[in-house]
Amino acid sequence: MIFEAKDLKIYYKTKRGFVKAVDNINLTVEKGQTVGLVGESGCGKSTFGQGILRILPPSTFYGGSMKIENQEILGLPENSMRKIRGKKIGMIFQDPMTSLNPVMKIEKLFFETLKTHEPEITEEEARDRTAKVLEKVGIEPERMREYSFQFSGGMRQRVMIALTLVLNPILVIADEPTTSLDVIVQAQIMSLLNELRKEYDMSMILITHDLGVVAEMADKICVMYAGHIVEEALSEDLYYNPKHPYTKLLIKSIPNTNINDLDLKYIPGSPPDLLKPPIGCRFAPRCPYKKEICETNEPPVVKVDNTNVKCWLYSGVEQ
Amino acid sequence: MRKKFISERLGELISDLFGTGTGWLTFIGAMILIFYIILAIFSPQIAPYDPTERVGRSLTAPNEEFIFGTDNLGRDVLSRVIYGARIALLIAFIAVAIAAGVGVPLGLISGFVGGPLDRILTLVMDAIYSFPGLILAIAIAAVLGPGVINIAVSIAVVYTPTYFRVIRNQVASVKNELYVEAAKALGAKNSEILMKYIFPNVLPSIVVVLSMNLADAIMIEAGLSFLGLGIAPPTPDWGFDLSNGQRFVLSKAWWGLLFPGIAIITVVLGFSMFSEGLNELINPTIRERR
Amino acid sequence: MSLKSYIITRIILAIPMILILLIMIFFILRIIPGDPVLAILGGKAPVEVIEAKRHELGLDKPIIIQFFDYLGDVLRGDLGVSTLTNRPVWSEIKDRFPATLELTIFSFILALIIGIFWGAEAAWRKDKPLDISARVYSIFIYAVPVFWLGLMLQLLFGIYLRWLPVGGRLSPRVSLDIKTGLFLLDSLFSWNWEAFWDVLKHLLLPGITLGLVISSIFLRMVRNNTVLMLSKDFVKAAKARGLKPKVILYGHAVRNAFVPIFTIMGMQFALLLAGAVLTETTFSWPGVGSYLVLKIKYRDFPAIQGTIIFFAIFVVLISIIIDIVNALVDPRVRY
């Protein structure tokens, strides 16, 4: 097991109280696995991604446990945590336009990153490795002397990927890596990411709101809703045989290529306020299959076929 | 980009520190102002001594008789500080009035008429504007010589472009608003449009700039009189008293330096707190902040 | 736009500005004060002498011709002759300028150091004591007249503690070979440590006074821009790569925070010059600012006019230089 989160809680401190952005999440990532984390914006998926690296604001509260290669990282002092960031866990951000420093040359970004984790590295060596990894992502190594704003959006995301891969991390968190890109570029970046993941033998957590994107790439998909993981299943199972009502609606809302099916589905209502989430099932207010118990008691996680689902509809199956 | 007034910068910092919308800061500012205005108006009644007469031994340290001490000519520092408020406020108010009195009409006309007149005026105003304010005031004061009005004019020249720019830009943007166009279409005279539609629109900005301008005017006045370009002695004046006090710095006569300085600082702070509050009150929208 | 054409455009744009300033100065200082001949010779001189002097100075010509004569003189670098010393104003300014330059550069660097480090650390510890003290400091600095601050420092460090001299640039007993006129450099390059130490001691009080006054502007700008930059994605990304806090703060956040600061430096410079006039007077610093004040006391109008012209052209030149430096620093302007 590469990564394991157990009862992980990440709460933001605000003036009005704690925002329970991530609440009792369990998630494991095996070696070489790609795990998709899907949900609407504001469901806590990005918080989870950044929480793994502990780069959220200092006032953020963490609870539960989080392990990378069996090393607990929640209690780790900042100094040791820094050695994990980038080196063991890399992160690719959503917007390559803003996540690369505009006044620094590309080579400087690489050198600085390498130097941090491998203090003995020479400039020459760093340049060699930068060139190699840039080539891998399809950028001419000479362009390392340019500034990020001289690249197009897709190229910048390639730079960002290279910058993550150069340290050869065991786990990469890709937080909506293609959302801000054109459709064609999106596909290119995704397949590049997939190839490189295999080549570098890394594990990946792919965070996205687009179920269509992860279905192809991920081995396992977790669906997140309002700070909870409501369903966890292998990609195919989830896609063709969704269990949780939310997942079902999510799949229905994927735009279909069938032109006759112009009737776009959307999920009525809006996600709950995470300052004061509903006491029972957090999806209950929007759920078409809602029962009485859903509004009063939090549903347990049950295993149905190969799927873990957090829903009262299935709790009878086991009983 | 616009040069910022001391009041503006102070106002920003004060609201950084205490958070915005602090009415009590405005209140304190207003209290300080009222305090100094009362000092200025009623200085003969308030001051314990005649500020221009020798009333004690030279350079007496603060004691019960002279709580702020005496200066080199045996004059009471407290009385001079109190009377000093007169000159400072008088010059500041006159300077600001002149600057607005010249800058506002020019800005109105320039923005409204447009064309070559506008371009020439803008160029001239920009030239004045780009010049370090104090040095410009020094040059003019040097030519005009001492006197309340002369000093006020020197200060006014520095700030006229600010009024001009603020008003001109606003007029230029208001001019094309629909209701102005409509008034034009209905055959309103230019002067009528200017007074009825445009002036009321720019009035709040004028008030805010006026209030913010006062602290700067006081600061420049103090600078000019410190350099010996202010009111002719023996009229009490904070800046002049500081330069006079500096001559006796070697005899450790700190009281001659400390108290006039504190007077300047508190007046500047008072004006700034007040104008910041006024700014928030009148013009929540024109603030360009963060 | 290429850097070269940018520079050329910027210089061309400055020409009407300089011209207007020259016209203004001409009218303010040549027309308003009345008859300069009477000012030079006094009211009791015989008529023939006055006429001769008037002819000599070209004051019998029409005003417009006088203006072009004056313009031509200025362009040739002739700022007239001081009525007080009979020396060319330009050479007098040239003698005193290094003192002003040394003071302003020292203050500017000091202000930058205070502004950058305090601002950056305050931004890193937003709303903590260091940050709050930065704001209190800035409020104090803005409300205080520069010369009063100078007087207080003089009183404390010069008179009571006797650590530092209260005025001048160099003690009379110290000898120094003057080459550049920047005494710090002159003493340093001649390995004259005694002089260097003496020069530095003289420079400290005025330098700190002026430096503190402009530091608050930098402090606030650096602090606010850095706070803004620290919330940017690239800072988060840098954190995610495991970079050290110092590298993130100074290498990424402050570095980017600095780009907009260059654009406002031009205005800081005007403030710096005005502050220099007051500071030089407070500390008897023999620079151009105290020269101006001295000449005003003696109503030496050619010298006053020459100094004001000098300041005007200097300010315009500096604003051009700052714009060019700005284009160099922010690579986005270049491409």
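Everything quoted here is computed from the prediction, not taken from an experiment. Reminder, nothing fancy here: chain letters follow the sequence lines and each chain counts from 1.
- Most heavy-atom pairs under 4.5 Å with chain C, from the set L163(A), L109(A), I92(A): that is L163(A).
- Legend: residues meeting salt bridge (Lys or Arg N to Asp or Glu O under 4.0 Å) with E118(A), ordered by chain and number and at least two apart, are K87(A), R129(A).
- Ranked by heavy-atom pairs under 4.5 Å with chain C, the list H117(A), R82(A), K108(A), M97(A) is led by R82(A).
- Within 6.0 Å of atom CD in E124(A), 12 or fewer heavy atoms from other residues, nucleotides or ligands are found, so the atom counts as exposed in its surroundings.
- The number of heavy atoms from other shown groups lying within 6.0 Å of NZ (K67(A)) does not exceed 12.
- Closest non-hydrogen pair, T113(A) versus L243(C), comes out as CA-CD2, 3.9 Å.
- For residues 234-241 of chain C, a heavy-atom distance under 4.5 Å to chain A picks out F234(C), K236(C), A237(C), K239(C), A240(C), R241(C), given by residue number.
- S99(A) has its side chain out of reach of K232(C): every pair of non-hydrogen atoms, C-beta onward, lies at least 4.5 Å apart.
- Between V103(A) and R255(C), the shortest heavy-atom distance links the atoms O-NH2, 3.1 Å.
- When heavy atoms are compared at a cutoff of 4.5 Å, M160(A) approaches chain C solely by way of its side chain, counted from C-beta outward.
- Summarising the local packing, NZ of K136(A) is surrounded by 12 or fewer heavy atoms from other residues, nucleotides or ligands at distances under 6.0 Å.
- Of the two parts of L53(A), only the side chain, counted from C-beta on, holds a non-hydrogen atom closer than 4.5 Å to a non-hydrogen atom of chain C.
- Looking at E112(A), both its backbone and its side chain come within 4.5 Å of chain C, counting heavy atoms on both sides.
- A pairwise comparison of heavy atoms in M104(A) and G251(C) identifies SD-O, 4.0 Å as the closest pair.
- To the nearest 0.5 Å, atoms CG (N101(A)) and CD1 (I248(C)) are separated by 11.5 Å.
- Here the side chains of T116(A) and V247(C) are not in contact, with every heavy-atom distance at 4.5 Å or above.
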